[in-house]
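Computed from a predicted structure; not experimentally measured.
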Amino acid sequence: KNENNDEVVYQVIEEVKRIMMSKEKIAFQAESVNDTLFQLVSYEYPDRPLTENESNSLLKYLIKIGLHKSAYNLIAGENGRFRRFQWYDSKENLLRQLNQSDTYKRPWYDDTTN
């Protein structure tokens with residue numbers, strides 16, 4: 001939204017969902033794919049359930065690239081696929097690493113990607 005591209009982002013997400021849900025095979029040139037988007041899609045639509053180590057890698061990756069809302073959702077158990085995992089650090093320590101938003105009343109966190 002900050003970059004006024006929310007409509008384009010929405011369309012891309014919808015297209016990715018459509019492709020992933022239909023299991024379409026799409027030919028693409030690897031060098032033309034955004035590596036961050038590729039990494040996020042591979043976590044969102046894995047070929048098999050993620051292991052605890054892979055889930056911890058995802059959490060570290062989200063924090064590293066500044067997707068703090070997404071990291072918070074993992075830590076808080078918003079996504080049921082991750083509730084059973086033990087995180088690499090305590091929830092309290094992990095939450096301290098996130099940039100908390102002043103905009104939201106509930107503990108949402110700012111994405112620092114802009």
Side-chain angles (χ1 to χ4, degrees):
K1 276 189 165 180
N2 291 346
E3 298 171 358
N4 294 320
N5 63 357
D6 49 329
E7 182 61 31
V8 172
V9 170
Y10 176 79
Q11 290 174 4
V12 168
I13 291 170
E14 287 301 306
E15 185 173 352
V16 168
K17 280 184 188 177
R18 182 185 55 77
I19 291 167
M20 298 307 291
M21 299 297 271
S22 70
K23 304 292 185 196
E24 288 180 44
K25 296 293 180 191
I26 306 248
F28 64 94
Q29 296 175 344
E31 64 274 1
S32 65
V33 175
N34 178 284
D35 59 329
T36 300
L37 182 58
F38 182 81
Q39 186 76 20
L40 293 172
V41 168
S42 70
Y43 280 124
E44 184 65 26
Y45 298 99
D47 293 334
R48 57 179 170 59
L50 295 177
T51 66
E52 188 168 298
N53 285 339
E54 290 167 329
S55 297
N56 274 289
S57 292
L58 170 59
L59 179 58
K60 289 176 185 177
Y61 183 70
L62 292 172
I63 293 170
K64 176 184 170 190
I65 66 171
L67 292 177
H68 291 196
K69 287 180 188 177
S70 297
Y72 175 82
N73 288 341
L74 286 187
I75 297 166
E78 296 290 325
N79 186 325
R81 294 185 301 162
F82 299 95
R83 286 189 191 133
R84 62 189 161 101
F85 295 129
Q86 180 71 36
W87 299 114
Y88 65 91
D89 202 348
S90 71
K91 285 185 180 184
E92 295 77 21
N93 287 341
L94 292 169
L95 291 174
R96 278 196 278 280
Q97 295 178 47
L98 305 179
N99 295 327
Q100 190 165 2
S101 171
D102 295 327
T103 308
Y104 303 103
K105 301 283 185 219
R106 294 212 39 211
W108 286 95
Y109 291 81
D110 284 329
D111 284 343
T112 57
T113 57
N114 40 334

Any chance you could measure [X], atom [atom1], to [Y], atom [atom2], to the nearest 0.5 Å?
X   : Y   : atom1 : atom2 : answer
K60 : D89 : NZ    : CG    : 9.5 Å
N99 : K69 : CG    : NZ    : 12.0 Å
L50 : S55 : CG    : OG    : 4.5 Å
F82 : L58 : CZ    : CG    : 5.0 Å
K64 : Q97 : NZ    : CD    : 14.0 Å
I63 : I75 : CD1   : CD1   : 5.0 Å

### Query
Do the side chains of W87 and L74 get nearer than 4.5 Å, heavy atoms only?
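Yes; the side chains approach each other to less than 4.5 Å.
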### Listed partners of E54 passing side-chain hydrogen bond (donor to acceptor under 3.5 Å, both in side chains), at least two apart
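Residues passing side-chain hydrogen bond (donor to acceptor under 3.5 Å, both in side chains) with E54: R48, T51.
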### Query
Among all residues two or more places apart in sequence or in another chain, which pass the side-chain hydrogen bond (donor to acceptor under 3.5 Å, both in side chains) test with D35?
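For D35, no residue satisfies side-chain hydrogen bond (donor to acceptor under 3.5 Å, both in side chains) once neighbours in sequence are set aside.
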### Side-chain (N56) to main-chain (Y88) donor-acceptor, under 3.5 angstrom
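Flag set: sc N56 to bb Y88 pair under 3.5 Å.
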